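Worksheet for the structure shown next.
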Amino acid sequence: MKIIAANWKLQKNPLEARLFFTSLKEKLSATGAGHSTNEKNSGKNNSQQKKLVIFPSSTCFESVAQAVAGTDWEWGSQNCYSEGKGAFTGEISAQVVKDMGGAWVLLGHSERRTLFHESNEFIAQKLALVQSLGLQALLCIGETLSERESGKTNLVLKEQLQKSLSQADQQKALVIAYEPVWAIGTGKVASVDQVKETHQFVHATLLELGFSDRLPILYGGSVKPENTQELTKIPHVDGFLIGGASLDPESYSQIYLRS
Ligand code: PGA
């Protein structure tokens, strides 16, 4: 199973979101990939299945929920607060995401960590809430360029995993996205060797921490149609988290088809 996740960040209004799905459905139907569980996956074994997940900004939840109704596509929030409701002005409720039909919450994206100063401890609290609601948590981890250049990549990733997952339920749904910070939105994709080594390390660390051998690990950071094929073949790359290239139905559908 490959997970092809789109992180729209603070892009698109509800109308643009609807138009995106109209176009995406046309493109995928034209290739025969379809968008219903039964059509798409019939006759294929588990390793060939693909799951498409969209993370729109919160003002587009409603239009995305309507657009994916009747398909096997899923959607989620790019963030949430650590409480489901209360006096927390401006925050996003994971409970409401669930009520609206969302199935996922993205947590710990590097933009949240850097621009909004989110700590591993805060992320751990959110993750516990997301899991307790029965939603899928997609936890992002990744090192900065200076951390990589000073040989601290593994140390940083291990700490992010240990602390962000300190309250995680090992029996519940969880997906990890490894996104080197220096590759996000820069056009600079990690090399095949770097992705291979790092995904192997993340996989081994998750096992050490007691998580399932089958926990999916996505790669993110300047994924494009042109680099999808080489990245998708790497062991322990179970899909992608795509920013810029997910905004255009043409490039997103190409990544989906080539994964
Ligand atoms: P990018 O973003 O694909 O534009 O590099 C990835 C992300 O931020 O998740």
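Just follow the structure's listing: the first ligand is 1, and inside any ligand the first atom is 1. Bear in mind that the values here come from a model prediction, so they are computed numbers and not experimental data.
The distance from ligand 1 to the heavy atoms of Leu241 drops below 4.0 Å at these ligand atoms: 9 (O). Less than 4.0 angstrom separates some heavy atom of Ala183 from each of these atoms of ligand 1: 5 (O). Heavy-atom contacts of His109 reach the following atoms of ligand 1: 7 (C), 8 (O), 9 (O) (cutoff under 4.0 Å).
Counting heavy atoms from C-beta on, the side chains of Leu165 and Phe211 come closer than 4.5 Å.
When only modelled atom types and interatomic distance are considered, Glu143 and Tyr178 share a side-chain donor-acceptor pair under 3.5 Å.
Under 4.0 angstrom from ligand 1, there are no non-hydrogen atoms of Cys140. Counting heavy atoms under 4.0 Å from ligand 1, residue Asn7 touches it through the side chain alone.
Within a 6.0 Å sphere centred on CG of Leu10, heavy atoms belonging to other residues, nucleotides or ligands number 12 at most. Enclosure of atom CD in Gln162 by more than 12 non-hydrogen atoms of other residues, nucleotides or ligands within 6.0 angstrom is indicated. Counting heavy atoms of neighbouring residues, nucleotides and ligands inside a 6.0 Å radius, atom NZ of Lys9 exceeds 12 of them.
The protein heavy atom nearest to atom 4 (O) of ligand 1 is Gly244 N, 2.8 Å. The protein non-hydrogen atom at the shortest distance from atom 9 (O) of ligand 1 is Glu179 OE2, 2.6 Å.
For Lys9, the heavy-atom gap to ligand 1 drops under 4.0 angstrom. Put simply, part of Gly221 is less than 4.0 Å from ligand 1, judged by heavy atoms.
Distances from atom 5 (O) of ligand 1 to the heavy atoms of Gly243, Ala245, Gly185 put Gly185 nearest.
The main-chain N or O of Ser191 is found under 3.5 Å from a side-chain atom of Gln194 such that the two form a donor-acceptor pair. No donor-acceptor pair under 3.5 Å is formed between the side chain of Asn7 and the backbone N or O of Gly243.
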